[in-house]
Visitor: 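This structure is in structure tokens; I'll ask about it shortly.
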Amino acid sequence: MDRTTVAIARREESIGKQVRLQGWVRTRRDSKGGFSFIELNDGSCFGNVQIVAEAALPNYESEIKKLNVGCSVTIEGEVLKSPAKGQATELKATNVIVHGWCDADAYPIQKKGATMEFLRTVGHLRPRTNTFGAMARLRNCVSNSIHQFFQEQGFLYIHPPIITASDCEGAGELFKVTMIDPAKPPLLNGKIDYTQDFFGKPTFLTVSGQLQAEIFACALGKVYTFGPTFRAENSNTSRHLAEFWMIEPEMAFYDLFDNMTLAEAFIKRIIGDALIKCSEDMKFFQERIDKDVVTRLESILKTSFLRVTYTDAIDILVKSGKTFEYPVKWGIDLQSEHERFLTEEHFKNAVILHDYPRTLKPFYMRVNDDEKTVRAMDVLVPGVGEIIGGSQREERLDVLEMRMKEQGLDPQAYWWYLDLRRYGTVPHAGFGLGLERVLLFLSGMGNIRDVIPCPRTPKSAEF
RNA sequence: UCCCCGAUAGCUCAAUGGUAGAGCGAGCGGCUGUUAACCGCUAGGUUCUAGGUUCGAGUCCUAGUCGGGGAGCCA
């Protein structure tokens, strides 16, 4: 008898085979004819397989009739063509083994829909629901697409450090990593003496692997990172996490437009794979989460991303005649309302905004000849907003040093980063893509806490 | 962090300052292959926490905790 999965047992090719299935009961329905239907799910696909368990089974009265949502079982039997509508196949059970009972009165996951807010309070059980099962499979699918996309194009997967001494972007709150006892820290002239700490200097959880990715891009050509990132900002929104996953490709000899072309192909690959490889899960998202999500993704696949300069975008916003809460003029940072207007109302498409004012962007972005703007790009999508932020990097040593000073950073602290320009500098570019933002975009889910297995947000790290 | 809103049965929600209810779920019983099965009965409550006002508080007031929506920061 072959151990198999629900996904395989549901296919017509399996009809006639003797199989063993193992998983969790979703529901049981008793028939008047003296037998029961059990819906079994094992995570291998969205759908369940219907088990027919007849009264002749030795443990029918003692166990099978007591099965309910959440019970774990092994079921052996023959796959048959299902005589009723709703499924192609069903399993006629010859043996039902119960591994774990599940007190239906106490079990928080019930057959009827629960709110996302409630499911967040039972983070250890929510993967057993349709929504979170679908999300886990989609997240896996996207992760796989990311690796395949870059591997096929000759990128090297590199692993930047999680613990870092450099405050990469010069902005944002970082989580401190320390072994110093906060109750009795070693002091030097009234301040904490970090030379006595584990690393001999203050260290943090990384906010970006970009600077380290640049080390490898400036040695090996095309690289990407894919790993966790940490921000200690007190952000309480549906689009921010304290711990999230980011993908950061970095390419030597790429300019900003090469960067855009790559970003567009990358996003389209992820969308295309999700629609094909997770079609059943995507259909569920369309039916139960966001009725337009698949249509929206398909239309984005078909059209080219628009490329608009920051200056032109400001112009469009000014001429729109709309009154925004934050008035628009050249030099302001674009607000959510502005980005939303551009993607959802004006262009109704994914848009790449580029060449932002230098005052708005970090030191490492390449200064344009006009000296007012830098080679930055943001990819904006309807519904989610910014999904990618990237730039062509400043490869000129003197300009980079000048930009650091301009932003109040000490070039000495970035000596190794400057060395990359000092020795054999190359034009290069890269971007960062937030995995969870992509998952929001792909699924139509409304809250980023529901697209990551165990969300980390202010005041919340339970599971 | 700021603004607004909310917290009542396992879940989703009702309840003029005056006896806390319903639907679903659960238990039991019924029902000729059911599909979020269906029908009947039963059980189920420290109304988020701590104070306060009142003859009387789920309801009004104060503080806190947690959650949601929006904003800022960003991915």
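In what follows, every chain begins at residue 1, and chains take the letters A, B, ... in the order their sequences are listed.
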Visitor: Pick the P atom in B:G23 and in B:C38, then give their distance to the nearest Å.
Guide: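 14 Å, rounded to whole Å.
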Visitor: Pick base, sugar-phosphate or nothing for A:Asp30, based on heavy-atom distances below 4.0 Å to the nucleic acid.
Guide: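 The answer is base, as A:Asp30 lies within the cut-off (heavy atoms under 4.0 Å) of a base atom.
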Visitor: Do A:Phe363 and A:Tyr414 make the cut of ring centroids closer than 6.0 angstrom?
Guide: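 Yes.
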Visitor: Enter the distance from A:Tyr417:OH to A:Glu394:CD here, rounded to the nearest 0.5 Å.
Guide: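 It comes to 9.0 Å.
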Visitor: Which residue lies toward the 5' end of RNA chain B, A:Asn68 or A:Val52, if each is placed at its nearest nucleotide?
Guide: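 Of the two residues, A:Asn68 wins.
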Visitor: Do A:Ser235 and B:C73 share a donor-acceptor pair, side chain to base, under 3.5 Å?
Guide: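 Yes.
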Visitor: Please determine, for the side chain of A:Lys459, which listed nucleotide (B:G68, B:C66, B:U34) has the closest atom?
Guide: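 Taking heavy atoms from C-beta onward, the closest nucleotide is B:C66.
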Visitor: Measure the distance from CZ on A:Arg26 to P on B:U34 and round it to the nearest whole Å.
Guide: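 To the nearest whole Å, that distance equals 23 Å.
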Visitor: Given B:G68, B:G10, B:U12, identify the nucleotide with an atom nearest to the side chain of A:Gln110.
Guide: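 When the side chain of A:Gln110 is considered, B:G10 is the closest of B:G68, B:G10, B:U12.
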Visitor: Base, sugar-phosphate, or nothing for A:Phe35, non-hydrogen atoms under 4.0 angstrom?
Guide: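 A:Phe35: base contact, heavy atoms under 4.0 Å.
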Visitor: Rounded to the Å, how far apart are A:Leu119 CG and B:G67 P?
Guide: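 Nearest whole value for this atom pair: 15 Å.
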Visitor: In terms of heavy-atom contacts, does CZ of A:Arg288 have more than 12 from other residues, nucleotides or ligands at under 6.0 Å?
Guide: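 No, because the 6.0 Å sphere around CZ of A:Arg288 holds 12 heavy atoms or fewer from other groups.
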Visitor: Please work out if A:Thr121 contacts a base, only the sugar-phosphate, or nothing of the nucleic acid, heavy-atom cut-off 4.0 Å.
Guide: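 Counting heavy atoms under 4.0 Å across all strands, no contact is made by A:Thr121.
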Visitor: Within this structure, what is the CD1-to-P distance between A:Ile38 and B:U35, rounded to whole angstrom?
Guide: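 In whole Å, B:U35 P lies 16 Å from A:Ile38 CD1.
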Visitor: For A:Glu90, report the nucleic acid contact type (base, sugar-phosphate, nothing); a contact means any heavy atom under 4.0 Å.
Guide: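 Counting heavy atoms under 4.0 Å across all strands, the contact made by A:Glu90 includes a base.
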Visitor: Select one nucleotide: of B:A75, B:U35, B:U34, the one nearest the side-chain heavy atoms of A:Glu39.
Guide: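 That would be B:U35.
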Visitor: Is any side-chain N or O of A:Asn447 closer than 4.0 Å to OP1 or OP2 of B:G69?
Guide: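 Answer yes for this pair, as a side-chain N or O of A:Asn447 is under 4.0 Å from OP1 or OP2.
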Visitor: Please check if atom NZ in A:Lys372 has more than 12 non-hydrogen atoms from other residues, nucleotides or ligands closer than 6.0 Å.
Guide: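 At most 12 heavy atoms, drawn from other residues, nucleotides or ligands, come within 6.0 Å of this atom.
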Visitor: Less than 3.5 Å between a donor and an acceptor, one on the side chain of A:Asn236 and one on the base of B:U1, is that the case here?
Guide: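 Present.
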Visitor: Using the P atom on both, measure B:U42 against B:A22 and round to a whole Å.
Guide: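 It comes out at 11 Å once rounded to the nearest Å.
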Visitor: Does A:Arg449 reach a base, just sugar-phosphate, or nothing at all? Heavy atoms under 4.0 Å.
Guide: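 If one applies the 4.0 Å heavy-atom cut-off, A:Arg449 turns out to touch the sugar-phosphate alone, with no base involved.
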Visitor: If I pick the C1' atom on B:G17 and the same atom on B:G25, what distance separates them, to the nearest angstrom?
Guide: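 After rounding to an integer number of Å, I get 33 Å for this pair.
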Visitor: Between B:U12 and B:A7, how far apart are the P atoms? Round to whole Å, please.
Guide: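 To the nearest whole Å, 12 Å.
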Visitor: Quick check: closest heavy atoms across A:Ile452 and A:Arg126, and the distance to 0.1 Å?
Guide: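 Here A:Ile452 and A:Arg126 meet closest at O-NH2, 3.0 Å.
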Visitor: Using purine N1 to pyrimidine N3 plus N6-O4 or O6-N4 for Watson-Crick, or N1-O2 and O6-N3 for G-U wobble, both under 3.5 Å, which nucleotide pairs with B:U1?
Guide: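 By the stated definition (distances under 3.5 Å), B:A71 pairs with B:U1.
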Visitor: What nucleotide among B:G68, B:A75, B:A71 has an atom nearest to a side-chain atom of A:Tyr326?
Guide: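 When the side chain of A:Tyr326 is considered, B:A71 is the closest of B:G68, B:A75, B:A71.
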Visitor: Does A:Ser336 make a side-chain N or O approach to OP1 or OP2 of B:G72 shorter than 4.0 Å?
Guide: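 For B:G72, OP1 or OP2 has a side-chain N or O of A:Ser336 closer than 4.0 Å.
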Visitor: Using whole Å, what does the distance between atom C1' of nucleotide B:G27 and atom CZ of A:Arg28 come to?
Guide: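 Rounded to whole Å, this separation is 12 Å.
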Visitor: Which whole number of Å gives the distance between the P atom of B:A20 and that of B:C48?
Guide: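 Rounded to whole Å, the distance is 15 Å.
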Visitor: Could you measure the distance from the CG atom of A:Leu67 to the CG atom of A:Asp30? Nearest 0.5 Å is fine.
Guide: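 The CG atom of A:Asp30 is 10.0 Å from CG of A:Leu67, to the nearest 0.5 Å.
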Visitor: Any N or O donor-acceptor pair under 3.5 Å from the base of B:C66 to the side chain of A:Arg120?
Guide: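 A donor-acceptor contact between them is absent.
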Visitor: Could you tell me the separation between the OH atom of A:Tyr107 and the P atom of B:G27, rounded to a whole number of Å?
Guide: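 Whole-Å distance recorded here is 15 Å.
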Visitor: A:Arg288 or A:Phe118: which one's nearest nucleotide on RNA chain B is closer to the 5' end?
Guide: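 The residue closer to the strand's 5' end, by nearest nucleotide, is A:Phe118.
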Visitor: Paired with B:C38: which nucleotide, if any, by Watson-Crick or G-U wobble criteria at under 3.5 Å for both distances?
Guide: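 B:C38 is paired, partner B:G30.
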Visitor: Is any side-chain N or O of A:Gln87 under 3.5 Å from a base N or O of B:U35, one able to act as donor and the other as acceptor?
Guide: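 By the distance-only test, yes, there is a pair.
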Visitor: Which part of the nucleic acid does A:Leu241 contact within heavy-atom distance under 4.0 Å: base, sugar-phosphate only, or nothing?
Guide: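 The answer is base, as A:Leu241 lies within the cut-off (heavy atoms under 4.0 Å) of a base atom.
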Visitor: Which whole-number value in Å describes the distance from A:Glu339 CD to B:A75 P?
Guide: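 Value for this atom pair: 11 Å.
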Visitor: From C-beta outward on A:Thr27, which listed nucleotide comes closest to its side chain: B:U35, B:G68, B:A37?
Guide: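 Selected nucleotide (nearest to the side chain): B:A37.
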Visitor: Where the side chain of A:Glu117 is defined as all heavy atoms beyond and including C-beta, which of B:G67, B:C73, B:U35 is the nearest nucleotide?
Guide: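 The answer is B:G67.
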Visitor: In Watson-Crick or G-U wobble terms, both distances under 3.5 Å, what is the partner of B:G25?
Guide: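 For B:G25, the partner nucleotide comes out as none, under the 3.5 Å rule.
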Visitor: Could you tell me how far apart A:Ile267 (CD1) and B:A75 (P) are, to the nearest whole angstrom?
Guide: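 Result: 14 Å.
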Visitor: Using the six-membered ring wherever Trp is involved, compare the ring planes of A:Trp245 and A:Phe226 and label them parallel, tilted or perpendicular (cut-offs 30° and 60°).
Guide: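 It falls in the perpendicular class, over 60°.
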Visitor: Under 4.0 Å between any heavy atoms, over every strand shown, what does A:Ala84 touch: base, sugar-phosphate, or nothing? Just pick one.
Guide: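 A:Ala84: base contact, heavy atoms under 4.0 Å.
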Visitor: Quickly work out the A:Ile352 CD1 to B:A75 P distance and round it to whole Å.
Guide: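 In whole Å, B:A75 P lies 16 Å from A:Ile352 CD1.
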Visitor: For nucleotides B:G70 and B:C28, find the distance between their P atoms and express it as a whole number of Å.
Guide: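 These two P atoms come out 44 Å apart once rounded.
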Visitor: Return the nucleotide paired to B:G6: Watson-Crick means purine N1 to pyrimidine N3 with N6-O4 or O6-N4, wobble means G-U with N1-O2 and O6-N3, both under 3.5 Å.
Guide: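 B:C66 is the nucleotide pairing with B:G6.
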Visitor: Using atom P of each nucleotide, how far apart are B:G45 and B:U8 to the nearest Å?
Guide: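 Comparing P positions in B:G45 and B:U8 gives a spacing of 15 Å.
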Visitor: Could you check whether A:Arg340 gets within reach of a base, just the sugar-phosphate, or nothing at all, counting any heavy atom under 4.0 Å?
Guide: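 Sugar-phosphate contact only.
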Visitor: For A:Phe216, look at atom CZ and say whether over 12 heavy atoms of other residues, nucleotides or ligands are found less than 6.0 Å away.
Guide: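 Counting neighbours around CZ of A:Phe216, 12 or fewer heavy atoms of other residues, nucleotides or ligands fall under 6.0 Å, so no.
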Visitor: What are the two closest non-hydrogen atoms of A:Phe341 and A:Ser320, and how far apart are they?
Guide: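 Closest approach of A:Phe341 to A:Ser320: CZ-CB, 3.5 Å.
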Visitor: Output the single nucleotide from B:U34, B:G69, B:A71 whose closest atom is nearest the side chain of A:Ser82.
Guide: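 Comparing B:U34, B:G69, B:A71 against the side chain of A:Ser82, the answer is B:U34.
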Visitor: Considering non-hydrogen atoms only, spot the tightest contact between A:Arg128 and A:Gly70 and give its length.
Guide: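 Here A:Arg128 and A:Gly70 meet closest at NH1-O, 4.2 Å.
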Visitor: Give the nucleotide from the list B:A37, B:U12, B:A71 with an atom nearest to the side chain of A:Arg29.
Guide: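 So the side chain of A:Arg29 is nearest to B:A37.
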Visitor: Using a heavy-atom cut-off of 4.0 Å across all strands, would you classify A:Phe244 as base, sugar-phosphate, or nothing?
Guide: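 Answer is base: heavy atoms of A:Phe244 come under 4.0 Å of a base.
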Visitor: Could you give the distance separating B:G40 and B:C24 at their P atoms, to the nearest angstrom?
Guide: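 That atom pair is separated by 9 Å.
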Visitor: B:G69, B:C74, B:G67: which one has an atom nearest the side-chain heavy atoms of A:Ser238?
Guide: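 Nearest to the side chain of A:Ser238 among the choices is B:G69.
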Visitor: The side chain of A:Gln50 is closest to which nucleotide in this list: B:U1, B:U34, B:G72?
Guide: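 Output: B:U34.
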